[in-house]
Amino acid sequence: MLQPRIPVNPLPTGLVTPLVQPTPADVEPVTPAPALAPAPVPVAPVRTTVQLTPGSALALAADGGAVVLVVGAVLVSMLLAVAITGASVALIAVVLRLLVRDMQKGR
């Protein structure tokens with residue numbers, strides 16, 4: 001069987017256990033493997049070209065238009081959210097500036 005070529009656990013004293021060498025009685029004869037036939041090469045399936053009928057071309061165009069509309073609506077809504085947030089932050093800044101000016105005049 002397989003045996004390690006390096007000691008598994010050297011002793012802490014520095015003494016290393018020697019390796020056990022197999023004797024000829026322990027070694028099993030190696031027989032060559034039988035020759036295997038080459039694997040068959042798979043044949044690639046024949047692909048047909050996609051043919052668009054007028055109905056399927058119309059459906060494809062409608063789907064593309066729907067995708068464009070949905071993506072556009074999402075982008076416009078994100079732009080609107082950013083614009084509303086910017087306007088509200090600007091309004092808060094103006095109000096805070098007026099309050100601070102009024103507090104400084106009161107002194």
Side-chain angles (χ1 to χ4, degrees):
M1 293 304 288
L2 300 175
Q3 294 189 1
R5 295 178 187 247
I6 57 173
V8 177
N9 189 12
L11 298 174
T13 59
L15 299 174
V16 179
T17 308
L19 295 175
V20 177
Q21 300 295 331
T23 62
D26 294 336
V27 177
E28 297 177 8
V30 178
T31 57
L36 299 175
V41 177
V43 178
V46 177
R47 293 188 178 191
T48 59
T49 57
V50 177
Q51 296 179 355
L52 292 177
T53 62
S56 62
L58 185 63
L60 186 62
D63 289 343
V67 168
V68 167
L69 288 177
V70 169
V71 170
V74 169
L75 292 177
V76 167
S77 64
M78 290 171 63
L79 180 64
L80 185 62
V82 169
I84 290 173
T85 304
S88 63
V89 168
L91 182 65
I92 290 171
V94 169
V95 169
L96 285 176
R97 190 176 77 176
L98 290 174
L99 287 174
V100 168
R101 186 186 299 170
D102 284 344
M103 287 174 51
Q104 287 176 351
K105 281 185 179 179
R107 281 192 200 180

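Heavy atoms only: backbone and side chains are in, while hydrogens, waters and symmetry mates are out.
Alongside Leu79, the hydrophobic cluster contains no other residue (criterion: ILVMFWY side chains under 4.5 Å). Residue Leu58 shares its hydrophobic cluster (ILVMFWY side chains chained together at separations under 4.5 Å) with no other residue. If you chain together ILVMFWY residues whose side-chain heavy atoms come under 4.5 Å of each other, Ile84 ends up grouped with Leu80. Taking Ile, Leu, Val, Met, Phe, Trp and Tyr as hydrophobic and joining them when side-chain heavy atoms fall under 4.5 Å apart, one finds Leu91 isolated, its cluster having no other members.
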Cut-off 3.5 Å, no hydrogens considered: what does the side-chain donor-acceptor table look like for residues 66-77, sequence neighbours left out?
| from | atom 1 | to | atom 2 | distance (Å) |
| --- | --- | --- | --- | --- |
| Ser77 | OG | Ala73 | O | 3.2 |
| Ser77 | OG | Val74 | O | 2.7 |

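Applying the side chain to side chain donor-acceptor pair (under 3.5 Å) test to pairs two or more places apart or on separate chains, those with a residue in residues 51-74 are Thr53-Ser56.
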